[in-house]
Participant: 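My structure is below; once you've seen it, I'll send some questions.
Note that this is a predicted model, so its numbers are computed, not measured. Count residues from 1 along the sequence.
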Amino acid sequence: MTPADTGASTVVDAASAASDSHSLSSADSRMTPGGPGYRRMSLALFLAGVATFALLYSTQALLPLISGDLGVTASDASWTVAAATGGLAVFVLPMSALSERFGRRTVMTASLAVAVTVGLLVPFAPSLPALVALRAVQGAALAGLPASATAYLAEEVRPRALVTAIGLFVAGNSVGGMSGRVITGWVAQEWGWRVAVGVIGLVAVACAVAFRLLLPAPKHFTPGSLRPRVLVRTVRDHLANPLLRRLYAIGALFMTVFGGIYTVIGYRLTEAPFSLPQGLIGSIFLVYLVGTVSASTAGRLVGRLGRRGALYLGAGTTAAGLLLSLAPSLPLVLLGLVLITAGFFAGHAVASSAVGKTAQHGRAQASALYQSAYYVGSSAGSTVGAVAFHSGGWAGTVAVGVLAVLGVVVITVSGSLAARRAAGTPVRALSLPR
């Protein structure tokens, strides 16, 4: 059918052309490190990342306590995590479409407002089904953050600074994940898991208010169409891009590892030979600080090794951490978690920033598809990792993670081979092209 028949191609192409010409004409006014508004923007999105991950994974470190309080198994309790990440995965694409029409800042603000409101209701859930339902709604609300934030950065930050800017947003994710788990661990030890998730809700409220006050108004946003056919065409174009498909799969597989390991680690550390109290288990998540560093330095890593080289390094570091965590020694387990966290956050920052650079139009939808795959991986990792732990112990969870890392390597290798074939270079040995 012609563009006139569908009404989609004309709108998408016109919007893309307008966006491209606008970007070219105003490139000098986009934010750059040290420039006007960059620090406010970085801090605002950092705080948005803190609130997102603190809320999204607020129950993860508390699963043993939730199991005991509600009388459910580890795999049942893991649904309080999987429901939130699953809700985000399902709604991230529709929310990204709203951000194309109403603006990134508007959608991010509304999403945080709903998510923190639900967060204040979570402590009063009377049963596991009610808790899971609230967590699903919370995840759906948070869906407006990740894709919109990435699209905002792609539009408002100069290309050479994009990886660094996204790395700072991902660093906020790691701080949110860490602080949420550490705070809930110690609070829950004294007052129970319900008070702990309530405290996280209040922290998220403060982050949401600061985010809205700090984030600069967008200067390079061009409203798009909400017509379903336009959205379908944009999504189809992104899914037809082999590089984007590989990046989506890589994000999902990295998050499968991370979701599985951190959902189950609390159960492992409460058992012999460790038998740690809840407060100390929560403090284990201080290793997220390593993720903050690795994510924020992803730009330099790509500059030295290239995108595929950085992904190989992230996968190798994650795999080494998985194998090291099998040791019956707490220091070695902690070192394993450090390596898993560093490898995951580096790989995630590299892959997510590559999506923003690869998409030529509909960046919010391109980022939304990545986020959807990413959180599907989180839900799968949380559920499958818990089932594997129930049937095979920690070794079963590690086996799931190793298979996911192998998937990352296979996909990255296939990308290297495809790049060589496209360039007409004989495939003799695998190098690390950028």
Participant: Closer than 3.5 angstrom, by distance alone: can the side chain of W186 be matched with the main-chain N or O of G279 as a donor-acceptor pair?
Facilitator: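 Here the side-chain-to-backbone pair exists.
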Participant: Let me confirm one number: the CE-CG distance from M95 to L145, rounded to the nearest 0.5 Å.
Facilitator: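 So the CE of M95 and the CG of L145 are separated by 8.5 Å.
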Participant: Verify, without hydrogens or angle tests, whether S111 (side chain) and A141 (backbone) share a donor-acceptor contact under 3.5 angstrom.
Facilitator: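 Checking the backbone N and O of A141 against the side chain of S111, a donor-acceptor pair under 3.5 Å is found.
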Participant: Apply the test side chain to side chain contact (heavy atoms under 4.5 Å, CB included) to residues V81 and Y57: give CA-CA distance (whole Å), side-chain angles for both, the deciding distance (0.1 Å), then the verdict.
Facilitator: CA-CA 6 Å; V81 179; Y57 294 100; 3.8 Å; yes
Participant: Check L56, V114, V137, V116 against L142 for a side chain to side chain contact (heavy atoms under 4.5 Å, CB included) and give me the one that passes.
Facilitator: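 In the set L56, V114, V137, V116, the residue that makes a side chain to side chain contact (heavy atoms under 4.5 Å, CB included) with L142 is L56.
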Participant: To the nearest 0.5 angstrom, please state how far the OH atom of Y267 sits from the OG atom of S78.
Facilitator: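 Rounded to the nearest 0.5 Å, the OH-OG separation comes to 7.0 Å.
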Participant: Answer yes or no: is there a donor N or O on one side and an acceptor on the other, between the side chain of S325 and the main chain of L322, under 3.5 Å?
Facilitator: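 Yes; at least one donor-acceptor contact below 3.5 Å.
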Participant: Should V355 and H238 count as side-chain neighbours, where that means a heavy-atom distance under 4.5 Å?
Facilitator: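 No; the side chains remain at least 4.5 Å from each other.
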Participant: When you look at OH of Y248, are more than 12 heavy atoms from neighbouring residues, nucleotides or ligands closer to it than 6.0 Å?
Facilitator: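 Yes, enclosed.
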Participant: Tell me if the CZ atom of R40 is crowded by more than 12 foreign heavy atoms within 6.0 Å.
Facilitator: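 Correct, the count exceeds 12.
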Participant: Just so I know, are the side chains of L131 and V122 near enough to count as touching, which here means a heavy-atom distance under 4.5 Å?
Facilitator: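 Counting from C-beta outward, L131 and V122 do come under 4.5 Å.
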Participant: Is L269 close to L330 at the side-chain level, that is, under 4.5 Å between some pair of heavy atoms?
Facilitator: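 Sidechains of L269 and L330: in contact.
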Participant: Using 0.5 Å steps for rounding, measure from the OG1 atom of T341 to the CZ atom of F344.
Facilitator: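 It comes to 9.0 Å.
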Participant: Could you tell me which non-hydrogen atom of V405 sits nearest to which non-hydrogen atom of V257, and how far apart they are?
Facilitator: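 Heavy atoms only, the tightest pair is CG2-CG2, 3.8 Å.
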Participant: Specify the closest pair of heavy atoms between R194 and F124, including all atoms of both residues, with the distance to one decimal.
Facilitator: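 Taking R194 first and F124 second, the nearest heavy atoms are NH1-C, 3.9 Å.
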Participant: Is a side-chain donor or acceptor of R135 paired with a backbone partner of T80 at a separation under 3.5 angstrom?
Facilitator: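 It does hold such a pair.
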Participant: Heavy-atom count around W394 CH2 within 6.0 Å, excluding the residue itself: above 12?
Facilitator: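 Correct, the count exceeds 12.
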Participant: Check whether any side-chain N or O of Y312 sits under 3.5 Å from a backbone N or O of L305 as a donor-acceptor pair, and report yes or no.
Facilitator: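 A pair under 3.5 Å: no.
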Participant: If we ignore hydrogens and angles and just use 3.5 Å, is the side chain of S96 paired with the main-chain N or O of L93 as donor and acceptor?
Facilitator: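 Checked: pair present.
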Participant: Does the side chain of R105 reach to within under 4.5 Å of the side chain of R212, using non-hydrogen atoms?
Facilitator: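 In contact.
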Participant: Check A196 against V187 and note the closest heavy-atom contact, atom names and distance.
Facilitator: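 Closest pair (atom of A196, atom of V187, distance): CA-CG1, 3.7 Å.
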Participant: Using a 4.5 Å cut-off on heavy atoms from C-beta on, say whether the side chain of L244 contacts that of L369.
Facilitator: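 Side chain of L369 against side chain of L244, heavy atoms only: no contact under 4.5 Å found.
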Participant: Please report the shortest heavy-atom distance between P123 and L120, naming the atom on each side.
Facilitator: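 Answer, listing the atom of P123 first, then L120: CD-O, 3.6 Å.
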Participant: Just by modelled atom types, is the A342 backbone N or O under 3.5 Å from a matching donor or acceptor in the S294 side chain?
Facilitator: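 Yes; judged by distance alone, with no hydrogens or angles, the pair exists.
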Participant: What distance separates W79 CH2 from S382 OG, expressed to the nearest 0.5 Å?
Facilitator: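 W79 atom CH2 to S382 atom OG measures 9.5 Å (nearest 0.5 Å).
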Participant: How far does CG of L65 sit from OG1 of T59, to the nearest 0.5 angstrom?
Facilitator: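 That separation rounds to 11.5 Å.
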Participant: In the structure I gave you, are the side-chain heavy atoms of L247 and L243 within less than 4.5 Å of one another anywhere?
Facilitator: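 Of all side-chain heavy-atom pairs linking L243 with L247, at least one is under 4.5 Å.
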Participant: So, applying side chain to side chain contact (heavy atoms under 4.5 Å, CB included) with R268, which one of V333, I261, T397 is it?
Facilitator: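 The option that passes is V333.
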Participant: Assess whether side chain to side chain contact (heavy atoms under 4.5 Å, CB included) is satisfied between V132 and L128, documenting all intermediate values.
Facilitator: CA-CA 6 Å; V132 170; L128 181 65; 4.0 Å; yes
Participant: Establish, from distance only, whether the side-chain atoms of S379 and T85 form a donor-acceptor pair under 3.5 Å.
Facilitator: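 Yes, because at least one side-chain N or O of S379 sits under 3.5 Å from a partner of the opposite role on T85.
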Participant: Would you name the heavy atoms of P216 and G37 that are closest together and state the gap between them?
Facilitator: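 In this case the closest contact between P216 and G37 is CG-O, 3.8 Å.
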Participant: When you compare the side chains of Y152 and S99, does any donor N or O come within less than 3.5 Å of an acceptor on the partner?
Facilitator: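 Judged by distance alone, the side chains do not pair up.
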Participant: Just verifying a value: how many Å separate I281 CD1 and T270 OG1, rounded to the nearest 0.5 Å?
Facilitator: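 Between I281 CD1 and T270 OG1, I get 5.5 Å after rounding to 0.5 Å.
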Participant: Counting only heavy atoms not in F274, do more than 12 sit closer than 6.0 Å to its CZ atom?
Facilitator: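 Result for CZ/F274: enclosed.
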Participant: Does R104 use its side chain to pair, donor to acceptor, with the backbone of A149 at less than 3.5 Å?
Facilitator: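 Side chain of R104 to backbone of A149: no pair is present.
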Participant: Ignoring hydrogens and angles, tell me if any N or O in the side chain of S372 forms a donor-acceptor pair with the backbone of A89 under 3.5 Å.
Facilitator: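 Flag set: sc S372 to bb A89 pair under 3.5 Å.
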Participant: Can you check whether S416 reaches R308 side chain to side chain, under 4.5 Å on heavy atoms?
Facilitator: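 They are in contact (side-chain heavy atoms under 4.5 Å apart), so the answer is yes.
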Participant: Distance alone, cut at 3.5 Å: any donor-acceptor contact between the side chains of Y374 and S352?
Facilitator: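 No.
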Participant: Could you check whether F258 and F254 have their ring centres less than 6.0 Å apart?
Facilitator: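 No; F258 has its ring centre 6.0 Å or more from that of F254.
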Participant: Would a 4.5 Å heavy-atom cut-off, applied to side chains only, mark V92 and Y375 as touching?
Facilitator: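 The answer is no; the side chains never approach within 4.5 Å.
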Participant: Ignoring hydrogens and angles, tell me if any N or O in the side chain of S353 forms a donor-acceptor pair with the backbone of V350 under 3.5 Å.
Facilitator: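 Yes, the answer is positive, given that a donor and an acceptor are paired below the 3.5 Å cut-off.
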Participant: Kindly give the heavy-atom pair with the smallest separation between P126 and A130, and that separation in Å.
Facilitator: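 Shortest heavy-atom separation between P126 and A130 comes out as CD-CB, 3.6 Å.
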